[in-house]
**Q** 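Below you'll find the structure I mean.
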Amino acid sequence: MKKTLIASAIAAATFSASALAADNMPTVYGNIQYALAHDNFDGGPSTVDHFDNGSTLGVKHSHEIAPGLEGFFKLELDGFDADDKTKGRGRVRLDEAYIGVKGDSFGKIWVGSDDSLYERKIDQIANFYEVGSINVGGAYSTGEGDLIQYETPSFGGLTLGAAVQVNGDVENAEKSYPYQLAAAYEMGGVELALAMDSNDNHDGNAENTYGLRAAYGADSFTVSAEYQTRKDAYDVAGLMGVYTIGANQFALSYELATADDANDTERDTVTLQALHNVSDNMYVYFEGYLGGGDEVYEYTDSQGNTASTDERSIASVGAVYYF
């Protein structure tokens, strides 16, 4: 047996013994999410569907490297198709996976697959709801994989961040490194964030995306507004209010997207949510969506023809159990 293999085996055994210590065990977490939705196209088809709404299983861990310095990792899987066991075979996929270090003096740096900096700071309405079938979202194209992300510690409520995606070789043997920059300020109930995405990943549009978000929270009520723009794509503005009382949460939002085209094509969505926390590990919800616009919702009719309409509505109920 090679000495390197023996050394590796000894190292693995030593690591396993320390990793299994009671005070150094990783945290295993997960959830099962079910939803039932009625989807109706005005003048078109109407369907009812029961589906897995994003069940996940993950493990995470952190440890002290030195005083004021911490290492951490996270691995999360999804795609279980928990609504139908015949669909889930071989479909489990990676959702998040990263490692990093953070410290009191220098902030946080991590590498891998995670929500991007721009997504976290700006695009919150589209990512707030449970089903979110027709929420608009911003026109940014840097994905969630191959990311190197950094955030500074807070300087009197101000934090700065940067992210780069390492895409490697792309067409014409060029290198592609789309990046994101952000600044955020939090003090009391006020939140302000400004961010950009370079979109340098050969999606056919080299224009940057710029986003601005502002929020104010007092007691049990929070109101937020966001605006995102990208030339040769579309602009989107959104307003959302969230009210919590006891175990209940209510949210209402409005989003308007205007395409940068000859017709200034518009699309808007009104979303309502009522959510109830049954316990510390389970909640149920109702969500209603009403979408309108300039014939922007496409569907396939009973004869297999593609058609479009200016109105689409979705009503959904769901339940989530998490630990």
Side-chain angles (χ1 to χ4, degrees), residues 27 60-74 76 96-128 137-166 177-201 207-230 235-242 244 251 253:
T27 299
K60 58 185 179 180
H61 186 263
S62 63
H63 73 287
E64 184 182 68
I65 299 173
L69 182 64
E70 182 178 303
F72 59 89
F73 100 100
K74 182 178 181 180
E76 184 172 295
E96 297 179 5
Y98 54 81
I99 62 172
V101 293
K102 59 183 177 181
D104 299 333
S105 59
F106 72 87
K108 173 182 176 182
I109 184 170
W110 67 110
V111 180
S113 300
D114 192 14
D115 295 340
S116 70
L117 178 69
Y118 184 98
E119 182 181 3
R120 295 192 310 274
K121 300 299 183 182
I122 304 296
D123 201 23
Q124 294 202 348
I125 295 178
N127 293 292
F128 177 84
Y140 55 99
S141 59
T142 299
E144 299 181 351
D146 300 310
L147 289 173
I148 302 173
Q149 303 195 71
Y150 171 72
E151 289 190 29
T152 68
S154 175
F155 302 105
L158 175 66
T159 59
L160 305 175
V164 61
Q165 186 176 56
V166 183
Y177 302 101
Y179 64 90
Q180 298 177 344
L181 302 173
Y185 176 79
E186 293 187 31
M187 185 62 65
V190 175
E191 293 183 38
L192 299 171
L194 177 67
M196 64 83 66
D197 186 337
S198 74
N199 299 309
D200 296 325
N201 53 3
E207 300 294 338
N208 296 340
T209 299
Y210 299 96
L212 173 66
R213 185 179 65 86
Y216 177 74
D219 298 324
S220 57
F221 183 73
T222 300
V223 61
S224 63
E226 58 190 56
Y227 176 74
Q228 304 177 64
T229 182
R230 184 183 185 188
D235 301 338
V236 57
L239 181 66
M240 179 170 70
V242 181
T244 57
S253 67

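From a predicted model like this one, the values you see are computed outputs, not experimental measurements.
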**Q** For the atom pair NE2 (H63) and CG (L69), what is the distance rounded to the nearest 0.5 Å?
**A** 8.0 Å
**Q** Minimum heavy-atom separation for L239 to I125, with atom names?
**A** N-CD1, 3.7 Å
**Q** For the side chain of Q180 and the backbone of Y118, is there at least one donor-acceptor N/O pair under 3.5 Å apart?
**A** yes
**Q** Any side-chain to backbone donor/acceptor pair from R213 onto S224? Under 3.5 Å, distance only.
**A** no
**Q** Could you go step by step and tell me if E96 and D115 meet the side-chain contact (heavy atoms from CB on, under 4.5 Å) rule?
**A** CA-CA 8 Å; E96 297 179 5; D115 295 340; 4.1 Å; yes
**Q** On a heavy-atom basis, which atom in A195 and which in I122 lie closest, and how many Å separate them?
**A** CB-CG1, 3.6 Å
**Q** Step by step, work out the side-chain contact (heavy atoms from CB on, under 4.5 Å) result for L147 and Y98.
**A** CA-CA 9 Å; L147 289 173; Y98 54 81; over 6 Å; no
**Q** Counting only heavy atoms not in Y216 (residues, nucleotides, ligands), do more than 12 fall under 6.0 Å from its OH?
**A** no
**Q** Write down the atom of N201, the atom of S141, and the distance for their closest heavy-atom approach.
**A** ND2-O, 2.8 Å
**Q** Do the side chains of E70 and K102 get close enough for a salt bridge, i.e. N-O under 4.0 angstrom?
**A** yes
**Q** If you round to the nearest 0.5 Å, how far is CG of L194 from OH of Y227?
**A** 13.0 Å
**Q** Any side-chain heavy atom of L160 sitting closer than 4.5 Å to one from F155?
**A** no
**Q** Just how far is it from atom CG of N199 to atom CD of Q165, taken to the nearest 0.5 Å?
**A** 10.5 Å
**Q** Any donor-acceptor pair under 3.5 Å linking the side chain of E226 with the backbone of A215?
**A** no
**Q** Would you check, one step at a time, whether the test side-chain contact (heavy atoms from CB on, under 4.5 Å) holds for W110 with K74?
**A** CA-CA 10 Å; W110 67 110; K74 182 178 181 180; over 6 Å; no
**Q** Output the distance between atom CG (L212) and atom CD (Q228), rounded to the nearest 0.5 Å.
**A** 10.0 Å
**Q** Check the pair V166 / Y177 against side-chain contact (heavy atoms from CB on, under 4.5 Å), numbers first and verdict last.
**A** CA-CA 5 Å; V166 183; Y177 302 101; 3.8 Å; yes
**Q** NZ of K60: more than 12 outside heavy atoms within 6.0 angstrom?
**A** no
**Q** So if I apply the side chain to side chain contact (heavy atoms under 4.5 Å, CB included) rule between D197 and each of Y210, Y179, Y140, which one comes out positive?
**A** Y140
**Q** What heavy-atom pair brings S116 and Q149 nearest, and what distance separates the two atoms?
**A** C-OE1, 3.7 Å
**Q** Compare every heavy atom of S105 with every heavy atom of P153, then report the nearest pair and how far apart it is.
**A** CG-O, 3.7 Å
**Q** From E186 CD over to L158 CG, what is the distance, rounded to the nearest 0.5 angstrom?
**A** 10.5 Å
**Q** Can you tell me how far CE of M187 sits from CG of L192, rounded to the nearest 0.5 angstrom?
**A** 11.0 Å
**Q** Testing the basics here: between A251 and F128, what is the closest heavy-atom pair and its distance to 0.1 Å?
**A** CB-CE2, 3.6 Å
**Q** Evaluate whether atom CD1 of I99 has more than 12 neighbouring non-hydrogen atoms of other residues, nucleotides or ligands under 6.0 angstrom away.
**A** no
**Q** Does the T209 side chain pair with the main chain of A139, one donor and one acceptor, at a distance under 3.5 Å?
**A** yes
